[in-house]
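What follows is a short report on a single structure.
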Amino acid sequence: MSDQFQGYQINKTDDGQSCELKQLSEADLMEGDVTYRVEYSTLNYKDGLALTGSSPVVRKFPLTPGIDSCGTVLSSDSGKFAVGDRVILNGFGVGEVHSGGFAQKARVNSDWLVKLPEGLEPRQAMAVGTAGYTAMLCVMALENHGIKQGDGDILVTGASGGVGSVAVTLLSKLGYRVVATTGRMAEKDFLKKLGAAEIKDRAEFTDKARPLNKELWAGAIDVAGGNTLANVISQIKYGGAVAACGLAESMSLPTTVAPFILRGIALYGIDSVMASIEKRQQAWNRIVKDLDMKLLDELSFDLDFTDLPQAGEDILAGKIRGRAVIKIPE
Ligand code: NDP
């Protein structure tokens, strides 16, 4: 592969932030001991913020966005990876303060890389991406809390989005009865296909929450924050738990201590970005075992590399269903 390669680059000037697809060279790669050819990437909500510049997620310039990537090692100064190994990268500040996956090449610290698990193709790994691996971390948090299939329904918010759609798919395959909330009731059939037993309009969760409501859910996975999360917390059954990973509605959490001290419920914060390699490997191995790959095909779609800037706007507008996969041109 030549020194030159194609990639997006975000620059900041006095006029603001701009992102363009351009010819880059090895000199544009950042510090790291492993360089790999990016074969696939994907689009996360945070990538949308980076591509559009609508929130200051990019904190180093110039920078190639793309939180997730999967590819083949071209050169390695690390004993952990050899030329030809297939690797996955999710997070660790990549796409925010270190150049990432929206380019034909990436160079990163080997401590951030996970070997592509056996049984998973690079395209599938990116159909999962940070959103899907975060969904798995959420499921693991509920399992570690001790929630069993017979304990009651599990609620998943933002179910048509990336984290939500994978969470519904995983939980239903694991035998949980899943209730999905969505703002897109037109996606009812899609969510049923992924395994949701019941669909609720997310409008039911947007009013200011009372401290306690009727106990409905043994557990929940929330991507929204704000009033939605406060309402979900108020409806968790005695001893249950919520895994919260997102702020699609809001960063705020207008709740009270009542559900915690009167119902003994737990709120688990889920972070995928700085999760340890051991936890990542555990999550990826569980994905190979517990995610229905046929349904992963159903919930993912191909996005052209050149359509990324528009897709960045679309994901922020809540117009992306499931998971976008980007094949990086050779
Ligand atoms: P998507 O944009 O794919 O999905 C988010 C979904 O949330 C939307 O599809 C929509 O689903 C729902 N939603 C949108 N706006 C609102 C609203 N105002 N109120 C309630 N629900 C809303 O994003 P991802 O699934 O990739 O990410 C979801 C969230 O999780 C984001 O906030 C993201 O930043 C965060 N995240 C956090 C991670 C971590 O490590 N903690 C890792 C990955 C993501 P529907 O139309 O079905 O209602």
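Given the structure is predicted, the values throughout are model-derived calculations rather than measurements. One-based numbering, in listed order, for ligands and for the atoms of each.
Those atoms of ligand 1 with a heavy atom of Asp271 less than 4.0 angstrom away are 40 (O). Every atom of ligand 1 is numbered from 1 in the order shown, and the set under 4.0 Å from a heavy atom of Ser272 is 39 (C), 40 (O), 42 (C). Listed by number with element, the atoms of ligand 1 under 4.0 Å from a non-hydrogen atom of Leu247 are 32 (O). Residue contact check: Gly183 has heavy atoms under 4.0 Å from atoms 45 (P), 46 (O), 47 (O), 48 (O) of ligand 1. Heavy-atom proximity to Ser160, at under 4.0 Å, picks out these atoms of ligand 1: 47 (O). Close contacts between ligand 1 and Gly246 involve ligand atoms 29 (C), 30 (O), 32 (O), 35 (C) [criterion: under 4.0 Å to a heavy atom]. Every atom of ligand 1 is numbered from 1 in the order shown, and the set under 4.0 Å from a heavy atom of Val223 is 7 (O), 28 (C), 29 (C), 32 (O). Remark: ligand 1 atoms within the under-4.0 Å shell around heavy atoms of Gly162 are 1 (P), 3 (O), 4 (O), 25 (O).
Val179 and Leu170 fall into different hydrophobic clusters, where Ile, Leu, Val, Met, Phe, Trp and Tyr are joined by side-chain heavy atoms under 4.5 Å apart, directly or via other members.
Aromatic ring pairs are classed by plane angle as parallel below 30°, tilted from 30° to 60° and perpendicular above 60°; the pair Trp112 and His98 is perpendicular.
When only modelled atom types and interatomic distance are considered, Arg323 and Thr42 share a side-chain donor-acceptor pair under 3.5 Å.
Between Thr228 and ligand 1, no N or O atom pair is found at a separation short of 3.5 Å. Considering backbone and side-chain N/O atoms, Cys245 comes within less than 3.5 Å of an N/O atom of ligand 1. Close N/O approach between Val163 and ligand 1 is found [any backbone or side-chain N/O within under 3.5 Å].
Here the heavy atom of the protein found nearest to atom 23 (O) of ligand 1 is Tyr45 CB, 3.7 Å. Nearest protein heavy-atom neighbour of atom 8 (C) of ligand 1: Arg184 NH2, 4.0 Å.
A cation-pi arrangement is present between Arg280 and Phe92, with the terminal nitrogen or guanidinium carbon under 6.0 Å from the aromatic centre and inside a 45° cone about the axis.
Heavy atoms of Ile270 found under 4.0 angstrom from ligand 1 belong exclusively to the backbone.
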